[in-house]
2 protein chains.
Amino acid sequence: MIFVIMKEIMFSTMLQATRKLERGTHLVTLNDVAKKANVSKMTVSRVINHPEQVTDELKKLVYEAMQDLNYRPNAAAKALANNRTQIIKLLILEEMDTTEPYYMFLLTGIANELDKSAYSLQLLTHKNIQIGDSDGYIVCGMRKQDEELVKSLKKPTVIYGKNDIGYDYVDSNNESSMERATEYAIRDGYEKIVYIGIDVDEPFALSREKGYAKVMEKYGREKCLYRLENRSRYSARFIRDNWADFPKNTLFLCASDRLGMGVIREIKEKGYDIPNDYGVIGHDGVFLDQIAYPHLTTLKQSTAEMGAACARMVLKKVKENGKPQGSELFETELKLGGTTRNQVKQSSLS
Amino acid sequence: MIFVIMKEIMFSTMLQATRKLERGTHLVTLNDVAKKANVSKMTVSRVINHPEQVTDELKKLVYEAMQDLNYRPNAAAKALANNRTQIIKLLILEEMDTTEPYYMFLLTGIANELDKSAYSLQLLTHKNIQIGDSDGYIVCGMRKQDEELVKSLKKPTVIYGKNDIGYDYVDSNNESSMERATEYAIRDGYEKIVYIGIDVDEPFALSREKGYAKVMEKYGREKCLYRLENRSRYSARFIRDNWADFPKNTLFLCASDRLGMGVIREIKEKGYDIPNDYGVIGHDGVFLDQIAYPHLTTLKQSTAEMGAACARMVLKKVKENGKPQGSELFETELKLGGTTRNQVKQSSLS
DNA sequence: TTAATTTCTGTTACCGATAACACCTGAAAT
DNA sequence: ATTTCAGGTGTTATCGGTAACAGAAATTAA
């Protein structure tokens, strides 16, 4: 602030109050850099956007000038000239109050990455879908019924979550995640491994089931797979209603921490010990696992990193005029809590 | 969208491919509206920004033209001309993984409101404070140690949360919130009301305590007030360690749902009944109250509305060149769960 | 040595909006 | 009837960048 004020005083003292100064205070422009480096502003612009077209010598001069003046490009001007908006819209199609709070981490990851490219974010929820101008979209929580909407988007789009409609996406490697968990459960000495999945016909749910099924077959264990709505009271009720089917030394492998919490609650209610009598493993590892008591053993997603990856992917796609980017899968981390016995050497895991 | 395609076809058919069309596709500009309405673009601009300077007759023409063409102002151009950025930065100074997920709701509220004014959001966290260009700031989770940082901001700033440093803010009415809860607890027949607060020296914590204290005095009850770090394991341990002090028919009034969860857990652990033997009331009502079993009776904050209010306040402040806006307090809603007896007629509450 | 390229840099026009100014009307004042 | 003035509208320059083109210098080819 002091600097700004000083600058203003200096100028008005010099009676040089140009229109530019009256209007605004953006300090350093391309022009300033250009003057300092004794080149045209086009050259400076090239150094930034097409450095290969500029001599090393000039590039050096320009870089130094930019450093000295602490040049920061004006996103609005850039946007206007490129016919871009410098905005990426994030569509959240899920009800947020029924969902776990990992969105916040996802958002943080996205936002930090966008910032680096002077992009900003607009958040749209199912309640507020004003598909205005933007350079691209990131879509989360997409279900089958949202496909039409997503297909109607006219700009580069990346989906957070595997999908069947050929869109570029970023996701956790749900299959390998559950493989690892199942393997761990078996090695941790649990006899029966019951899978409690989420009752939606979506790729993420199917992948998780597949991971479980694969390892159970590999070990010749009997599969035991259920599907519930993703709410702790349903998993609690499920345990209560089917208690006879679950002998001691059973582990419940849950497709979400939320389901895991219901399971824990009900086992404690029955007076059994976790992890000795029964084990529980959840999935997501964002928040609920820490709220649970004992802390849930869970598969922790790298939510913020995945957000960053989404952002990088859309931006790249924007730059390359919508060119397909494929997909990116992130491994989860098995985070041990107090709901498993944890007698396995971590190093012995694949 | 059909409209878009048609328009493109029309133009190319007419072999009128101007440079504008080659470069981009922003459809309708001020100029287009101006032509359609037979006025200059300056008039259109005035209709938008200074309608009082334009005849009703022309205004009508212009509005119609805008409607017909579905005109959407170009935020980048506007930003550039006004020497603005059309960006508001949100600073989250708290660790998000120790905090409840209400930020997501806050964010939604902010984002929706900003959208309406073609503003977008940039999210900054304590890990990533790149205070670049923006027109204003919204700050959340500010603690004493952050005051310097906040004071160094050079643009209109609104704080989410009451503060002592004279900044405009939006917050829940924490005092009246706890007054209501205390009153309710008493009327619901609990003999002893224990307050479990959060151990930070911040206005929100103090206001909540004050609300409790006030009503306890009013009813001539003995105050019993503790402060803990905001984690469920601490409140659980606290209950365990001081169990002797809590006869049956005690209600624990907690400054957060998180603390409330620890209390519930420990009471259940001891084998007592909630809500008959003991009562629990939490605060926040964003997410954890629904995870708790039984559901927590809590004071639900209007988080999204407060977010919207923050956004409106910064935008107003930006428009009015930083003019102070005062503060805005939102009442919480007493949301009854299974942790209180709920024998009180709601209507009898103040 | 001169013509033909290639490589690099500068000039111009433009993106879509706005403030300042110029101008033009008609009503009020003299 | 002429001057003043106010309100209402159009013109111009500008915000800070970038693409397209033009032009100069350095290479290469002949």
Side-chain angles (χ1 to χ4, degrees), chain A residues 17-35 37-62 66 69 71-86 117-118 132-133 135 319 321, chain B residues 17-35 37-62 66 69 71-87 117-118 132-133 135 319:
Chain A
T18 63
R19 199 164 174 195
K20 176 183 166 186
L21 262 178
E22 285 157 28
R23 286 247 239 134
T25 57
H26 188 77
L27 298 171
V28 184
T29 72
L30 264 195
N31 235 323
D32 300 327
V33 176
K35 275 180 202 151
N38 277 314
V39 296
S40 73
K41 54 182 202 166
M42 205 48 229
T43 301
V44 181
S45 171
R46 283 199 188 94
V47 169
I48 296 169
N49 300 301
H50 311 284
E52 75 285 358
Q53 299 177 6
V54 180
T55 327
D56 288 350
E57 192 185 8
L58 283 191
K59 255 188 293 207
K60 185 157 168 285
L61 281 177
V62 171
M66 295 198 310
L69 300 176
Y71 170 71
R72 297 272 164 259
N74 180 319
K78 182 174 198 152
L80 183 57
N82 288 331
N83 197 31
R84 290 265 162 77
T85 60
Q86 301 291 120
S117 308
D133 262 5
D135 295 344
K319 195 190 287 177
N321 280 306
Chain B
T18 63
R19 196 164 174 195
K20 176 182 167 188
L21 263 180
E22 284 158 27
R23 284 245 242 138
T25 56
H26 189 76
L27 298 169
V28 183
T29 72
L30 265 196
N31 236 323
D32 301 327
V33 177
K35 275 180 204 153
N38 278 315
V39 296
S40 73
K41 52 184 202 165
M42 205 48 228
T43 300
V44 181
S45 172
R46 282 198 189 95
V47 169
I48 296 169
N49 300 300
H50 311 283
E52 75 284 359
Q53 298 177 8
V54 181
T55 327
D56 288 349
E57 191 186 7
L58 283 190
K59 254 188 295 208
K60 185 158 167 285
L61 281 177
V62 171
M66 294 199 309
L69 300 176
Y71 170 71
R72 297 273 164 258
N74 179 319
K78 181 174 199 152
L80 183 58
N82 289 331
N83 198 33
R84 291 264 163 79
T85 60
Q86 300 292 119
I87 289 171
S117 308
D133 262 5
D135 296 344
K319 195 190 286 177

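Numbers restart at 1 for each chain; the letters A, B, ... are given by sequence-line order, proteins then strands. Computed from a predicted model, the values in this text were never measured in an experiment.
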Could you check which of D/dT9, D/dT18, C/dT18 has an atom nearest any side-chain atom of B/Leu30?
-> C/dT18
DNA chain D-proximal residues of residues 45-53 of chain B, any heavy atom under 4.0 Å | B/Arg46, B/Gln53
Are A/Leu30 and A/Ile48 close enough that some pair of their side-chain heavy atoms sits under 4.5 Å apart?
-> yes
Compare the minimum distances between each of C/dA17, C/dG10, D/dT9 and the side chain of B/Leu58, then state the nucleotide with the smallest one.
-> D/dT9
Computed from five pairs at either end and rounded to 10 degrees, the angle between the axes of the helix from C/dT1-D/dA30 to C/dT30-D/dA1 is 50°
A/Asn74 CG to D/dG16 C1', straight-line distance once rounded to whole Å | 6 Å
Shortest non-hydrogen pair, A/Gln86 vs A/Ala79, comes out as CG-CB, 3.6 Å
Nucleotide nearest A/Asn82 (side chain, heavy atoms from C-beta), chosen from C/dA17, D/dT18, C/dT11 = D/dT18
Atom of B/Leu80, atom of A/Ala77 and distance for their closest heavy-atom approach = CD1-CB, 3.8 Å
To the nearest Å, give me how far apart CD (A/Gln86) and P (D/dG16) are.
-> 16 Å
Carefully, step by step, assess B/Val33 and B/Val47 under the rule side-chain contact (heavy atoms from CB on, under 4.5 Å).
-> CA-CA 11 Å; B/Val33 177; B/Val47 169; over 6 Å; no
Atom-to-atom span, NZ of B/Lys78 to C1' of D/dG17 - whole angstrom | 20 Å
Chi angles and distances behind the side-chain contact (heavy atoms from CB on, under 4.5 Å) call for A/Leu58, A/Arg46 = CA-CA 11 Å; A/Leu58 283 191; A/Arg46 283 199 188 94; over 6 Å; no
Calculate the interatomic distance between A/Arg84 atom CZ and D/dT18 atom C1'; express it in whole Å.
-> 12 Å
Does the pair B/Thr29 and B/Asn74 meet the rule for a side-chain contact (heavy atoms from CB on, under 4.5 Å), with working shown?
-> CA-CA 8 Å; B/Thr29 72; B/Asn74 179 319; over 6 Å; no
What is the distance, rounded to the nearest whole Å, between atom CE of B/Met66 and atom P of C/dA17?
-> 11 Å
Is there a side-chain contact between A/Lys78 and A/Asn49 (heavy atoms, below 4.5 Å)?
-> yes
Taking atom types as they are modelled, is there a donor-acceptor pair under 3.5 Å from the base of C/dG16 to the side chain of B/Lys41?
-> no
In whole angstrom, give the distance that lies between atom CG of B/Asp133 and atom P of D/dG16.
-> 11 Å
How close or far is atom P of D/dG17 from atom CG of A/Asn31, stated in whole angstroms?
-> 9 Å
With the side chain defined as heavy atoms from C-beta on, B/Thr55 is closest, among D/dG8, D/dG16, D/dG10, to D/dG8
Go through C/dA17, D/dG10, C/dG10 for me and flag the one nearest to the B/Met42 side chain.
-> D/dG10
What's the closest nucleotide to the B/Ser40 side chain, out of C/dG16, D/dT11, D/dG17?
-> D/dT11
